[in-house]
Amino acid sequence: MTENTSIYAQSGVDTQAGDLAVELMKSAVARTHGPEVLGGVGGFAGMFDASALLGYKRPLLASSTDGVGTKVAIAQAIDKHDTIGQDLVAMVVDDIVVVGAKPLFMTDYIACGKVVPQRIADIVRGIAEACEATGTALTGGETAEHPGLLGVDDYDVAGAATGVVEADKMLHPGRVNDGDVVLAMGASGLHSNGYSLVRHILSEKGIGYEQHSNELGTTYGEALLTPTALYTSPLLRVLEDPALDGAIHALSHVTGGGIAANLARVLPKGAWVELERSTWSPLPVFRHLADLGGHTLESLEGAWNLGVGMYAVVDGAKAQHVAAALTAQGLDTWVAGQISTSERDFTGFEQGAKGVDGGAVRLVGSFAA
């Protein structure tokens with residue numbers, strides 16, 4: 001260690017720990033690199049050969065950025081960090097596939113109070129494995145130590161990705177028609193939204209994350225760290241199936257804002273759908289947390305996905321075939337409703353969201369037991 005490095009370490013920043021973290025994660029990151037990635041790990045900028053885009057007639061680049069939210073607080077509380085990376089990739093890359101785009105590359109950013117090499121390596125290994133599963137190159141990242149700003153065991157993660165879609169293949173509200181069918185795809189759990197409410201409910205009940213839950217069959221911490229499902233690769237395989245070309249008109253990733261609002265964002269103004277609650281049974285984790293908090297499941301539809309991670313709006317004539325294809329790709333899929341463009345009163349509907357002047361959605365009926 002040089003004298004200058006030692007002085008920096010005295011202030012709380014350990015560059016040698018950062019170097020060790022990079023060494024521990026290098027092999028996992030390298031597995032996401034195909035021949036289009038240049039320079040390997042450790043450069044100032046990640047390089048990606050874009051010559052493949054020359055094969056597109058009109059390539060549109062899609063970008064997305066996100067984090068994992070307060071789910072990281074649970075990972076920190078039980079000192080388990082190998083699932084947070086998948087959550088990050090899912091929140092970023094599964095937003096890109098919503099427009100029909102194939103992810104190309106991703107970068108990550110980890111801010112922490114102190115670099116603990118194995119912890120950082122666990123996080124990045126999870127990111128790399130999820131990138132590999134979604135065909136996304138992890139071309140770079142940054143780990144920043146913030147002593148005095150974050151506690152020694154505190155960290156936050158964020159990421160950004162870029163994808164590409166042929167212009168005439170892009171999914172958007174303009175493709176949605178009267179009579180289209182809405183297919184729901186099952187979630188793995190809470191995914192990465194609504195954890196502030198989860199933490200509040202458990203805190204109010206004095207329940208620790210290490211405590212075992214008979215209802216969940218494991219500790220609360222382990223159940224709540226179930227990683228977010230990855231939809232990108234299965235969806236891309238169905239989108240690229242020549243027999244189903246053009247059958248999927250729009251996709252909606254159910255994240256922050258809840259069920260109805262996220263679907264409303266991908267519907268054209270004037271289109272509406274009533275989603276039948278009876279078509280699915282919310283996962284046990286949602287039922288148990290709702291009971292603990294004294295909430296009805298219906299009141300939580302704007303906070304949690306309740307077991308639906310993605311929606312597809314598809315050609316009504318091909319809905320059965322698309323559902324079968326998605327199921328064959330490992331996605332639990334069912335019919336949740338049908339799009340209408342007839343005039344009606346939208347009282348009680350969610351209309352658009354996050355600045356999008358979109359369609360109208362509401363949930364009706366009672367959940368299946």
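- Taken from CG in D82 to CD in E129, the straight-line distance is 8.5 Å, to the nearest 0.5 Å.
- We find that R119 and D122 are not joined by a salt bridge, their nearest charged nitrogen and carboxylate oxygen being 4.0 Å or further apart.
- Looking at T139, its side chain never comes within 3.5 Å of a backbone N or O of G46 through a donor-acceptor pair.
- S233 places a side-chain N or O within donor-acceptor distance of the main-chain N or O of A133, the cut-off being under 3.5 Å.
- V37 and L53 fall within the same hydrophobic cluster, defined by Ile, Leu, Val, Met, Phe, Trp and Tyr side-chain heavy atoms under 4.5 Å apart, directly or through other members.
- Considering every non-hydrogen atom in both E145 and G113, the closest pair reads CG-O, 3.9 Å.
- Side chain of Y56 to backbone of A167: no donor-acceptor contact under 3.5 angstrom is found.
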Start with the C-alpha gap between E215 and R287, add the side-chain angles, then the distance that decides, and say whether salt bridge (charged side-chain N to carboxylate O under 4.0 Å, His left out) holds. CA-CA 9 Å; E215 292 82 359; R287 292 184 180 276; over 6 Å; no
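- Using a 4.5 Å cut-off on side-chain heavy atoms (C-beta onward), V198 and W304 make contact.
- Of the possible donor and acceptor atoms, none in the side chain of S278 sits under 3.5 Å from a partner among the backbone N and O of F367.
- L202 approaches L289 most closely through the heavy-atom pair CD2-CD2, 4.1 Å.
- For the residue pair H288/Y220, the side-chain donor-acceptor check at 3.5 Å is satisfied.
- Both I201 and L225 sit in one connected hydrophobic cluster of ILVMFWY residues. Membership requires side-chain heavy atoms under 4.5 Å apart, directly or through other members.
- In the hydrophobic cluster analysis, where Ile, Leu, Val, Met, Phe, Trp and Tyr join through side-chain heavy atoms closer than 4.5 angstrom, V165 is grouped apart from V313.
- In this structure, T134 contributes its side chain and A130 its backbone to a donor-acceptor pair below 3.5 Å.
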If you apply the rule salt bridge (charged side-chain N to carboxylate O under 4.0 Å, His left out), what do you find for R58 with D168, and how did you get there? CA-CA 8 Å; R58 187 187 169 202; D168 62 6; over 6 Å; no
I would like to know whether I339 and V181 meet side-chain contact (heavy atoms from CB on, under 4.5 Å); could you show each step before the answer? CA-CA 6 Å; I339 303 295; V181 168; over 6 Å; no
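- No hydrogens or angles considered: a donor-acceptor pair under 3.5 Å links the side chains of T228 and S192.
- Using modelled atom types, no side-chain atom of E36 and backbone atom of D49 make a donor-acceptor pair closer than 3.5 Å.
- Under a 3.5 Å cut-off, the side chain of T327 and the backbone N or O of A323 do form a donor-acceptor pair.
- Rounded to the nearest 0.5 Å, atoms CG (D315) and CG (N177) are 7.5 Å apart.
- Side-chain contact between R277 and E301 is present, with at least one heavy-atom pair separated by less than 4.5 Å.
- The heavy-atom pair separating V115 from P117 by the smallest distance is O-CD, 3.5 Å.
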Using distance only, find each side-chain donor-acceptor pair of residues 88-105 under 3.5 Å and give its atom names and separation, not counting sequence neighbours.
from : atom 1 : to   : atom 2 : distance (Å)
D94  : OD1    : Y231 : N      : 3.3
D94  : OD1    : T232 : N      : 3.0
D94  : OD1    : T232 : OG1    : 2.5
D94  : OD2    : Y231 : N      : 3.1
D95  : OD1    : H253 : ND1    : 2.8

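- Taking CD1 from I248 and CG from L183, the interatomic distance works out to 8.0 Å, rounded to the nearest 0.5 Å.
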Before giving the answer on side-chain contact (heavy atoms from CB on, under 4.5 Å), spell out for I110 and D156 the whole-Å C-alpha distance, their side-chain angles and the decisive distance to 0.1 Å. CA-CA 6 Å; I110 304 172; D156 197 12; over 6 Å; no
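- Counting only distance, with no hydrogens or angles, the side chain of T219 and the backbone of E222 share a donor-acceptor pair below 3.5 Å.
- Side-chain contact between Q329 and V238 is present, with heavy atoms from C-beta onward closer than 4.5 Å.
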Less than 3.5 Å apart, which donor and acceptor atoms pair up between the side chains of residues 263-273 and the rest of the protein, not counting sequence neighbours?
from : atom 1 : to   : atom 2 : distance (Å)
R265 : NH1    : N262 : OD1    : 3.0
K269 : NZ     : D357 : OD2    : 3.3
W272 : NE1    : S342 : O      : 2.8

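- Annotation: side chain of I84 is in contact with side chain of V72 (closest heavy-atom distance under 4.5 Å).
- Considering all non-hydrogen atoms of both residues, M106 and C131 come closest at SD-SG, 4.0 Å.
- Looking at L171 and L239, their side chains come closer than 4.5 Å, going by heavy atoms from C-beta outward.
- Looking at L300 and F286, their side chains never come closer than 4.5 Å, going by heavy atoms from C-beta outward.
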Audit row: K114, Y155, side-chain contact (heavy atoms from CB on, under 4.5 Å) steps and yes/no: CA-CA 8 Å; K114 179 179 176 58; Y155 65 81; over 6 Å; no
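- Note on I259 and V314: separate hydrophobic clusters, where clusters join Ile, Leu, Val, Met, Phe, Trp and Tyr whose side-chain heavy atoms are under 4.5 Å apart, directly or indirectly.
- Within 6.0 Å of the CD atom in Q211, the count of heavy atoms belonging to other residues, nucleotides or ligands exceeds 12.
- V254 is listed as a side-chain neighbour of Y311, based on a closest heavy-atom distance under 4.5 Å.
- Taken from OG in S63 to CG in L61, the straight-line distance is 8.5 Å, to the nearest 0.5 Å.
- More than 12 heavy atoms of other residues, nucleotides or ligands sit less than 6.0 Å from atom NE2 of H172.
- Note: the hydrophobic cluster containing L331 does not contain V308 (ILVMFWY, side chain heavy atoms under 4.5 Å, direct or indirect links).
- A pairwise comparison of heavy atoms in W280 and L363 identifies CH2-CD2, 3.8 Å as the closest pair.
- Using a cut-off of 4.0 Å between Lys/Arg side-chain N and Asp/Glu carboxylate O, D87 and K71 are scored as salt-bridged.
- Note that the NZ atom of K318 and the CG atom of D180 stand 11.5 Å from one another [nearest 0.5 Å].
- Closest approach of S281 and A368 over heavy atoms only: OG-O, 3.3 Å.
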Is there a side-chain contact (heavy atoms from CB on, under 4.5 Å) between Y109 and V157? Walk through the geometry before answering. CA-CA 6 Å; Y109 177 78; V157 296; over 6 Å; no
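- The pair E274-R344 counts as a salt bridge, with a side-chain nitrogen and a carboxylate oxygen less than 4.0 angstrom apart.
- Using a cutoff of 4.0 Å between basic side-chain nitrogens and carboxylate oxygens, D245 and K169 are scored as salt-bridged.
- Between V182 and V335, every side-chain heavy-atom pair lies at or beyond the 4.5 Å cut-off.
- The distance from atom CG of N193 to atom CG of D66, rounded to the nearest 0.5 Å, is 7.5 Å.
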